[in-house]
**Q** 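Questions regarding the structure given below will be posed in turn.
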Amino acid sequence: MNRIQTIIDKEWAEVFKNKMVFWTIVLLPLLFTAMPLIFIFVTSGDLIPSETSDMPASFATICGTASAKDCLQIYMINQFLLMFMMMPVIIPITIAAYSVVGEKATRSLEPLLATPITTEELLAGKTLASALPALAVTIVFFGIFVALTPLVGGTPGLMAYMLSPTWLIAILLVGPLMAIASTIFAVIVSSRVNDPRVAEQISAVFIVPVMLLLFGQLAGWLIINVPVMLIFSALMAAANVGLIYLAARIFQREQILTRWK
Amino acid sequence: MIKIEGLTKEFITDKKKPPLVAVNDLTLEVNEGEVFGFLGPNGAGKTTTVRMLCSLIAPTRGRAVVNNYDVVKHGQKVRACVGILTETPGMYERLSADKNLTIFARLYGVKDVPGQVEKYLRMLGLWERRFDEVGSFSKGMRQKLAIARTLLHEPSVIFLDEPTSGLDPEAAHLVRDFIDDLKKEGKTIFLCTHNLDEADRLCQRIGIFKSRLITVDTPDALRQRMFGRTVVFNLASLAPEWTAMVSELPFVTGVKPVDNKLVVDLKDPEAQNPVIIRRLVEAGAEVRFVGELRHSLEDIYLQTINETKG
């Protein structure tokens, strides 16, 4: 445990010394939080239509007895929910993709592997060092979003929906599962490639499941609600198990050291 | 302390081609407190050997025991009790010297982390720069910091891979002095180097290696085995007939005149020098001084490697 903590400390000390990486971590959540707030502000007046005919019919089940205005805000904000789910996927990739290949490039990997640290401890340290800041940032910015929503014209119905199980599952369960999965994936990629840029590009593939949810909802194929979130959580949990198994098999110290040129 | 039996490492570079044998059937013992020089050309397999002995990579065949731990079965224990100085320092450049050492001290499970970090930063003259980013350090300072990292956990066996490579003469001298201090402390040191003078000065035994161990012995024994002993008789002047006269002596294995000197190969100079001096003086030579010619380790190394090529 102490060695995992040491790896986390080391990763954070290195990452947060680099101001560019720091701003990369903060800028995206700022944008993703500002966008729905601006939308709520814009739609809070009387300009919005009172009919909900533009929304997918299946969405009406979510609105229940809510007014048309509430329902439209809820529908649109439901799209932004996916942005909060993207945050814990995108943010750690920047750190995780560099974590192993960066050590290869600076030749610090061999002295690190020469310590008594086990492969499991090293992978856990690298994964948590990337995933934890992403989760913290996501939760903090979600808190800011919830706090500011009433101030920019969010209706009580919208507030109630944002604190409903759908959003809470998304932020507190799916988010962490996705963060860990994407981080493990990025660490695996990072250990297999020789260029940090390649690692980052390949790791970004992990955003595809969230994009599928987004397009699925926009196309009216599915509605993000509690059952969908639970199914998605189960899939992510399974993906995590598979990725952890894969990481332990793929992360071969010998290959990483001897194949690196 | 280090016991190696038939250690072999093969790399498969292309499935259609036979494997590349980096280390072939290496058998060797390094005693406790010994400084062992491991010499060989680039690509000879020295680093691969060190990596196997530090449990970083697994051997294809054979066995190695370091500090009573099998390098395959007890990898973590081996890594905990050895210190390895890799060919490139590989420090975290954005972090300070103090932070770099603190990280490794914690990974090695050092009990008094601040105490050990301070001890080695002071010992290697980096204490005043401890909070500076390593990226601002000179090559010599980085190498010293890497040496500090190698020793933080007080390992009983130390592997040094090219410790003075790329350093300026002053920094290299400092590093050599430090290795000499470790030798006096009784540490077991496995030294891979291209610097033959360094190996000659520091090592009790050397092994010349090129995928396989070609020869191993003390530097003096290797000299004697390869070149015998050579004595230089420095004369006021050299008459041509004196060379023939000396070469006719039954115990002389070779004579070469060079300017006013006679360079004579002998097996037992202590017993045979007086005879030669007497003969020269009787023949009218004025012997100014007599000294033994010491072949450099470079001569031994080059001859050994060339014989392998032949």
**Q** With a 4.5 angstrom heavy-atom cut-off, is it the side chain or the backbone of A/Leu112 that approaches chain B, or both, or neither?
**A**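 Contact with chain B involves both backbone and side-chain atoms of A/Leu112.
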**Q** Could you tell me whether the side chains of B/Thr86 and B/Asp161 share a donor-acceptor contact shorter than 3.5 Å?
**A**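 Side chains of B/Thr86 and B/Asp161: no pair found under 3.5 Å.
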**Q** With only heavy atoms counted, which part of B/Lys99 is less than 4.5 Å from chain A, the side chain, the backbone, both or neither?
**A**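 Only the side chain of B/Lys99 comes within 4.5 Å of chain A.
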**Q** When you check the gap from the basic side-chain N to the acidic O, do A/Glu121 and A/Lys126 get nearer than 4.0 Å?
**A**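 Between A/Lys126 and A/Glu121 there is no salt bridge, as every charged N stays at least 4.0 Å from the carboxylate O atoms.
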**Q** Kindly indicate whether the side chain of B/Leu151, heavy atoms from C-beta on, has any atom under 4.5 Å from the side chain of B/Leu182.
**A**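 A side-chain contact exists here, since the closest heavy-atom pair is under 4.5 Å.
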**Q** Check A/Thr6 against B/Ile103 and note the closest heavy-atom contact, atom names and distance.
**A**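 Taking A/Thr6 first and B/Ile103 second, the nearest heavy atoms are CG2-O, 3.5 Å.
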**Q** Is it the backbone or the side chain of B/Glu87 that comes under 4.5 Å from a heavy atom of chain A, or both, or neither?
**A**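 Neither; nothing under 4.5 Å.
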**Q** For B/Ala58, is it the side chain, the backbone, both, or neither that has a heavy atom closer than 4.5 Å to a heavy atom of chain A?
**A**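 It is both, since atoms from each part get that close.
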**Q** Please state whether the side chain, the backbone, both or neither of A/Glu103 comes within less than 4.5 Å of a heavy atom of chain B.
**A**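 For A/Glu103, the contact with chain B is made by the side chain alone.
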**Q** Do B/Thr164 and B/Glu198 meet the criterion of a side-chain donor-acceptor pair at a distance under 3.5 Å?
**A**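 Yes.
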**Q** Using a cut-off of under 4.5 Å on heavy-atom pairs, state which of A/Ser108, A/Ala13, A/Gly102 scores highest against chain B.
**A**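 Looking at each option in turn, the highest pair count goes to A/Ser108.
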**Q** If you look at every heavy atom in A/Met236 and A/Ala181, which pair is closest and at what distance?
**A**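 It is SD-CB, 4.4 Å.
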**Q** Please output the residues of residues 21-56 of chain B in contact with chain A, using a heavy-atom cutoff of under 4.5 Å, in numerical order.
**A**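 Within residues 21-56 of chain B, the residues that come under 4.5 Å of chain A (heavy atoms only) are B/Arg51, B/Leu56.
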**Q** Less than 4.0 angstrom from a charged side-chain N to a carboxylate O is my criterion; do B/Glu128 and B/Arg122 meet it?
**A**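 A salt bridge is absent here (no side-chain N lies under 4.0 Å from a carboxylate O).
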**Q** Who are the side-chain hydrogen bond (donor to acceptor under 3.5 Å, both in side chains) partners of B/Lys73, not counting sequence neighbours?
**A**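 B/Lys73 satisfies side-chain hydrogen bond (donor to acceptor under 3.5 Å, both in side chains) with no residue once adjacent residues are dropped.
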**Q** With B/Arg149 as the cation and B/Phe104 as the aromatic partner, state whether NZ or CZ is under 6.0 Å from the six-membered ring centre and within 45° of the axis.
**A**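 Output yes; distance and angle both within limits.
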